[in-house]
Each structure stands twice: as C-alpha cells, then as structure tokens.
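First comes the structure, then the notes that go with it.
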Protein chains: 2
Amino acid sequence: MPDHTRPPGKRVTIYDVAVEADVSPSTVSRAFSRPSRVNSETAERIRRVAERLGYRTNPLARALTTSRTQMIALVIADITNPVYAEIVRGAQEAATDGEYTTVLIDAQESDRLERAAVERAMSTVDGIVLASSRMSDSAIRMVAKQRPVVVLNRALADVPCVVTDDPRGVRRAAEHLGELGHDHITYVAGPQASWPNGIRWRSLLEAGMELEIKVRQIGPFSPTMAGGERAAQELYARPATAVLAFNDQMAIGIIRGLSRMGVNVPGDVSVVGFDNILAADIVTPGLTTVAAPLYAEGSAATRHLLTMIEGAPGHTGRPMVLPVRLVVRDSTAARNPSPGRARPSWARQRSGPGPAAHLP
Amino acid sequence: MPDHTRPPGKRVTIYDVAVEADVSPSTVSRAFSRPSRVNSETAERIRRVAERLGYRTNPLARALTTSRTQMIALVIADITNPVYAEIVRGAQEAATDGEYTTVLIDAQESDRLERAAVERAMSTVDGIVLASSRMSDSAIRMVAKQRPVVVLNRALADVPCVVTDDPRGVRRAAEHLGELGHDHITYVAGPQASWPNGIRWRSLLEAGMELEIKVRQIGPFSPTMAGGERAAQELYARPATAVLAFNDQMAIGIIRGLSRMGVNVPGDVSVVGFDNILAADIVTPGLTTVAAPLYAEGSAATRHLLTMIEGAPGHTGRPMVLPVRLVVRDSTAARNPSPGRARPSWARQRSGPGPAAHLP
DNA sequence: CAATACATGGCAACCCGTTGCCGCGGTGGC
DNA sequence: GCCACCGCGGCAACGGGTTGCCATGTATTG
C-alpha cells in the first residue's frame, strides 16, 4: 500500500528555499513570479537551490492572493456525443499552450446538472467555455457577470460567442441537392432548445427561397441515432427525396431506419447530415455532411477566453464566425428519375392515396 | 462588455458573515465545515446571514489548510478515441456523486505530454485516475507516491488497478469462432506498449491451446482505422479466415480494407473486435466484438480512488477485474465451406498444395 | 560633489478559511 | 457544596505565496 505522506519534511516551500539560498521568502517568491524584479544572479542561485530541494510552487497558495488558478472550465452537453471530442481536444490544446489546465464538465444534456456543475466550478476557474450550453440566456449572462465566459455554438448579446457559418453550410447543402435534381428538402429538426437547430432551419428556409426549392420541417427529434430512426418512420409516412438532418447522428439513424423499411439511400432518398463526425465516414453509405471545424471551434473559443482572462475586453459585438464546408460522400445522389422501378409503396405514396400506401 | 469586478464589496468572506451574525469567524467556519460543533440555532442563524449576503466558501482557501481540493484528475490517452467517452462519463458521474470535480487531461498518445500535464495537475488534485497511461511503470509509481492513484486497463504491482477480464473475453471470442468452424485465428496486434495488447495476445495463445485452434499474430499496427486498413493488406498477403483485432477501430479498418480488395466479411473472413464502441453497431456489417464495461470501468476506478482519498488503504494486492461479454453481430459467420467460389487468390493461398486442405 | 534615480532585497500585511487549545457557564453526580 | 464534565464559542496560529512600501547601496546626472 503506497504511502502518500512525505516522510519527514512535508512539502518544500519558499521558506525552505529562502533559508537555503540565504534570502528572504519574498525574494524567492519574486524569483519565480517576477524574475525581472530580482538580480539575475540571485535568481539563478535561487532557482538552483529550488531545483535541488525539489521545490514546486503551490498553485493553490498562489491563487489565494492572485485569484488566478490557471484553470478554465469547459462545459459540454454530452461527452458521448462524438462532436465534442474534437472540440475538447482543440480547447485542451489551446489551454495547455497558454499554461492553463482544463476542467471538463459534462452536463449530460441536463440544464440542472449543468448549472450545478458550473456553480461549483466557478469559484475555482479563471474562465469558462460553454459549448452548446443547455442553460437559459439569462443564466449564462449571470455566469458571465462573475467570470469571463465564451459561448460556443450560440449567439448571445453581450457575451462573446464563437459560432460556425451554418447558413453558408445549409446553403451549400441545398445547392448540392438542387444540382442533383431535388426540388424539395425536408429538414429533420433536433432539439428546439438548441440554438443551431433554429439557425439551420431558418437558413434552409432562406436558401429554399432563393434556390426555388421547397422546404418543410419535421420533428423535433432527439439528436441521436435513435431520434433519427424515429424520424425515419415519419419520413416513411410522409416521403421525401431529400433530407437535411440536424446532425450526423440523426442522419445515420435516418439512413438505418429507412434501410430497414426497404428504402434505399441514396437511391430513393438523399440524406445530408451536419458536423462531419468520424462515424460519417465509416457508415454505409458514407454520409454527405456539412463539416464544422470542430477542432478550430474549441481552439478559437479557448484562445479568446484566455485573452479575456489576461484582461482583454472580450469583443461582444458580433460573434466570431468559423467557416464550414460541404463534404460530399455517398448518401446523396441524383433524384431517382424512374419512379417506375419496383419500389411502389414509396414512389407512389408521394403522389397521393393508393392501395399500397403503407406496405413495409 | 461584461464587467467581472464586483462593484463595491469584492467577495463575501466568513469575516463579513461573522460581523453580521455577531459571532467570530471561526464559528462561521465551523457552522459550515463541522455543523455538529456549533449550536444548532447559532448555525441556523449563521446560515441565514450567509445566504442573505451571498456567501460561498472559497474552495481554494479551504484547500490551503486542508490540502483537499475536491478535484481529481482523469488522464486519458486520446480523447478522439471513442472508447474513452464512456469511461469519462462513468468517472465523471462517480466524481460528481462524491462531490468531486474532474480535471480531464488528454495525453494525446504522448508520454511526454502526459507526464507534463500530470506534473502540473498533481499539486492541485486529490487523486488521479490513469486510464491507459502511456507512462512507464516507474513514472506511474513516482506519481503514486505523491498522490492516490488508480490505474485503469493496466496491472501494476503496488498500485491499485482496475482491469477488464480480457482473458475471458478472448476466450469467448475464440470459442465463438471455433463453433463457427474456424480452426485458425489471426491476432492483429495494437501498440506493443499497450498493456492490454500483450494480455490479449497471450490470452489468445492460451485459448488456442485449450480449444485446439491455431493462432498467429501480425503487427503491431496503430490502433486506429488506418492501422486496420494497413493490417488488411497484410492479411490479404497472408490470408486468414478468422481475425481478432486489438480493438474495434482496427477491426473496422480491417473490414474496410478487405472489402476494398474484394474480400467479403463475414463470407470469407470473420472479424472480431474489442471494446464495443458505438460505431461497432453502425458499421456494415455490424461488428462482433468483446464488449468492455467502459462506463463501469470509469466509475469503479473513480469510486475506488475516492475511497482512497478518504483514507482507505487502496487494495493493491490484486487488480479489480471487471467482466466482459461477447457481442455477436454480423462480422462473424461460419467458415466458408465452398472454396470453389470465385475468389481464387484468396482461397487457394491459404492451403498451399491442395485447395481444400483446411476445410472443417 | 551634491542630488536624484534606480536596482535590489527585506518587512509585514494580506488572501480566506481551518483547527488546536482554552475559557466560560451550566449540569449532573456524589 | 464541590468537582468533573460537557457544550459552545473565541483566540490565535497556521497554510504558502504575493505585494505595497521602505531601506539600503550603487549608478547617473548636473
């Protein structure tokens, strides 16, 4: 059984170093926190003594007076959602570069849990990145009053935000589907509380207007594969040839659900997702999707947060917008020109009542 | 632009509460940290005053004397690896239940980064969970000397460990393949530095012995999809009918690689993975795999860590072993009985002289 | 050469709780 | 009626750095 108590001398402090280096504790302190404030030779000597004694500055004690812990909190909605992996990595790396440590908080899609965790962490961290927060605007503003905050994937007045260029992504997806001959796109909505969900739908409305493509919305559904499978059932009842899903997981669920019911993707229906998670590339068919720069999101949000912590104003004017791109894979194809092929229930149903309306 | 400075009175401290409640600061302190030590009416009064003033105990100041921060570090090898998502969730939840906050450290598969990050976090956390550490045994022991540590997925004398029952999982996989008529299993190895990799191979050797199945190993390959695709090429050159991959990502890569070369899974080759990541269920064909109780791993390791922090000895005798189970999907099938089908290079190569030499 | 400026280091207060120890008043035992 | 004990609260010393201010001693300037 390991022994976690240093045998005699406990922990090495600046006082120990001070005695050994024959200077006062304050000089030792300055040698580390303000090297310019002390003679370089003295500083060097102190550093050597500290090294020899194995001194490590105690971040807690330092934090007590400076109220800087060199830690930031990263709050994500659901760690099992692969979207966040890259975001976390980006944030983590930016934090490490700035000599900060990251406290990860998984809100588990719960407003309550998120608030409680943020509350608890708040006094310990120097700033917070809220990625896809489930909290209300006012709750976020509350937090932003007490600590520097950067919000990811959500625009919010008076709080610095980083968002992706979803309108452009949706537009590109719509163009792509239009070029394939689709004149009607069904948006499969995610959580209504999700900010990107609203943006994506409105962007599609707009794109449809300009491109002369009809659009409609179904949902909301849970933003998971299971949600997508439920959406597939509804899609089966009210067929479409082109579908834009709120995110990749739903898109994958939709494809699975449709396949199970005998509907072919992309033969009968084209499906486009959002985010470009890793799985988008390994499913069959490969998922056409709007790729968000996940790593860059985490990184940009964190870097901005760090500058705020260092005292920068925190541009709250307009959100920082990150570019997206459309990744075309195999889940989209030209609109099937021969409805005469043997998929009667599906093909016929589109155009009104018929005997085979609800065949498998 | 938000203002992060409380206008007049800075932060509320026990001293403010003490004045207002007309008691000494120590009484306020005790009212929160040792309620039994103070008259219940007094405590109640103090609590009300504190509430009114918006007092929050400062965890840093508390930590300074108690040297307990109520934080633990969770170190993972690679956050983009989906295996860790569930582990993190399990750990996170256990930590939250125990009123602890989690500091996540992503080592990015780098020994150096891991050591640096652990070094930095060490003085701030009460304990550390090392999930699939890339550090050397001695480095881990070093850390374990200074803080309570629980190691996940690795057995290490003198340090508490939580591992999965890989031998049993491998055994089950081998039995499954044996029942399907396979008399030869190829193990596709992951990183040699990975502790589970060694265990899995040795377990397969053993299981092969008992079940009278021949085994061989190829690799090592990187534990990623790309690594799996490279392995597929080698498998193509030296064919096999049954493959056990180090992990699911490699298994998925193998299936993709083989498919691209015209080899059918499971028709020509059965593939078994390890871990049962989410993607295992959504690829085509669905991946047969040894499911590790990922959530339980994170949870068990963390709970054990917390008991150690609370002063329990930390059973270092034998590792805690978590059960696994075989999840059978569609990537395994009976060994193809008709080598006469049109896949000459593949079928012939196996048996050298006679075409049917190794039929069941 | 006097006067001012600067570099350097020490002193002591401070950050905000925690805790060992002591004292005071009240209660119960004998 | 005396003493031991208990419940409760206060005092003061931490814990480990940080930092404003002052005291030197040396360098610069006029």
Side-chain angles (χ1 to χ4, degrees), chain A residues 5-6 9-47 49-50 53-71 99 120 122-126 146, chain B residues 5-6 9-47 49-50 53-71 99 120 122-126 146:
Chain A
T5 59
R6 309 289 227 68
K10 333 250 307 173
R11 198 194 166 89
V12 183
T13 74
I14 50 168
Y15 298 92
D16 304 322
V17 177
V19 169
E20 198 76 3
D22 197 30
V23 291
S24 82
S26 30
T27 306
V28 177
S29 171
R30 282 194 275 256
F32 288 104
S33 55
R34 272 181 174 55
S36 66
R37 187 65 179 65
V38 63
N39 183 298
S40 56
E41 283 177 32
T42 315
E44 181 53 33
R45 178 160 47 92
I46 291 174
R47 237 171 281 129
V49 172
L53 265 48
Y55 168 75
R56 322 245 60 190
T57 127
N58 180 334
L60 279 75
R62 168 183 301 215
L64 192 53
T65 49
T66 61
S67 53
R68 292 290 221 57
T69 57
Q70 298 291 106
M71 294 197 288
E99 305 269 84
R120 194 137 52 82
M122 193 141 52
S123 51
T124 310
V125 300
D126 296 340
Q146 309 186 228
Chain B
T5 59
R6 309 289 228 69
K10 331 252 306 177
R11 195 194 170 92
V12 184
T13 73
I14 51 169
Y15 297 90
D16 304 321
V17 177
V19 169
E20 197 77 5
D22 198 30
V23 292
S24 81
S26 29
T27 306
V28 177
S29 172
R30 282 194 275 258
F32 288 104
S33 54
R34 272 184 176 51
S36 65
R37 187 63 179 64
V38 63
N39 183 298
S40 57
E41 283 177 31
T42 315
E44 181 53 32
R45 179 160 47 90
I46 291 174
R47 236 172 281 130
V49 171
L53 265 47
Y55 167 75
R56 324 243 59 190
T57 125
N58 180 334
L60 279 73
R62 170 185 300 223
L64 193 52
T65 49
T66 61
S67 53
R68 292 291 220 60
T69 58
Q70 298 291 107
M71 295 197 289
E99 306 268 85
R120 195 137 52 82
M122 193 142 51
S123 51
T124 310
V125 299
D126 296 340
Q146 310 186 226

A:Asn58 vs A:Thr13, side chain to side chain contact (heavy atoms under 4.5 Å, CB included): CA-CA, chis, key distance, verdict: CA-CA 8 Å; A:Asn58 180 334; A:Thr13 74; over 6 Å; no

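- Contact annotation: B:Tyr15 side-chain N/O to C:dC14 OP1/OP2 distance is not under 4.0 Å.
- If you check C:dG9, C:dC21, C:dG17 against the side chain of B:Arg62, the one that comes closest is C:dG17.
- Taking 4.5 Å as the limit, every side-chain heavy atom of A:Met71 sits out of range of all side-chain heavy atoms of A:Pro59.
- Of the side-chain N and O atoms in A:Asn39, one or more sit less than 4.0 angstrom from OP1 or OP2 of C:dT8.
- For C:dC15, its base never sits under 3.5 Å from the side chain of B:Thr13 at any donor and acceptor pair.
- Note on A:Ser33: only backbone sugar-phosphate atoms sit closer than 4.0 angstrom, heavy atoms only; bases stay farther off.
- The footprint of chain A on DNA chain D, defined by a heavy-atom cutoff below 4.0 Å, extends from D:dG16 to D:dC21.
- In the model, B:Ser29 has no side-chain atom that pairs as donor or acceptor with a side-chain atom of B:Ser26 under 3.5 Å.
- Taking 4.5 Å as the limit, every side-chain heavy atom of A:Val17 sits out of range of all side-chain heavy atoms of A:Glu20.
- Nucleic acid contact class of A:Thr27 (heavy atoms, under 4.0 Å, all strands): sugar-phosphate only.
- In this structure, B:Asp16 atom CG and C:dC16 atom C1' are separated by 11 Å, rounded to whole Å.
- Every residue two or more places apart in sequence or in another chain was checked for a side-chain contact (heavy atoms from CB on, under 4.5 Å) with A:Asp22, and none qualifies.
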Derivation and outcome, side chain to side chain contact (heavy atoms under 4.5 Å, CB included), residues A:Arg11 and B:Ser67: CA-CA 11 Å; A:Arg11 198 194 166 89; B:Ser67 53; over 6 Å; no

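- A:Arg56 comes within 4.0 angstrom of sugar-phosphate atoms only, judged by non-hydrogen atoms across all strands, and of no base.
- Checked by distance alone, B:Arg30 brings a side-chain donor or acceptor within 3.5 Å of a matching partner on the base of C:dG20.
- More than 12 heavy atoms of other residues, nucleotides or ligands shown are found within 6.0 angstrom of CZ on A:Arg68.
- For the pair B:Arg11 CZ and C:dC16 C1', the computed distance is 9 Å after rounding to whole Å.
- Toward the 5′ end of DNA chain D lies the nearest nucleotide of B:Thr65, the other residue of the pair B:Thr65 and A:Val28 mapping further downstream.
- In this structure, A:Ser29 reaches the bases: a heavy-atom distance under 4.0 Å links it to at least one base atom across the strands shown.
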Pairing string, 5' to 3', for DNA chain D - Watson-Crick or wobble contacts under 3.5 Å, brackets [ ] where pairs cross, | to another strand: ||||||||||||||||||||||||||||||

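- One can place CD1 of B:Ile46 at 13 Å from P of C:dT18, the figure rounded to the nearest angstrom.
- To the nearest angstrom, P of C:dA7 lies 15 Å from CZ of A:Arg34.
- Among the protein residues, B:Thr42 comes within range of the sugar-phosphate backbone only, with heavy atoms under 4.0 Å from sugar or phosphate atoms but none that close to a base.
- Proximity of A:Gln70 to B:Thr124: side-chain heavy atoms (C-beta onward) are nowhere separated by under 4.5 Å.
- Between A:Leu64 atom CG and C:dA13 atom P there is a gap of 17 Å when expressed in whole angstrom units.
- The two residues B:Ser123 and A:Leu60 make their nearest non-hydrogen contact at O-CD1, 3.7 Å.
- If you take CZ on A:Arg34 and OG1 on A:Thr27, they are separated by 13.5 Å, rounding to the nearest 0.5 Å.
- In this structure, CD of A:Glu44 is placed 13 Å from P of C:dG9, rounded to the nearest angstrom.
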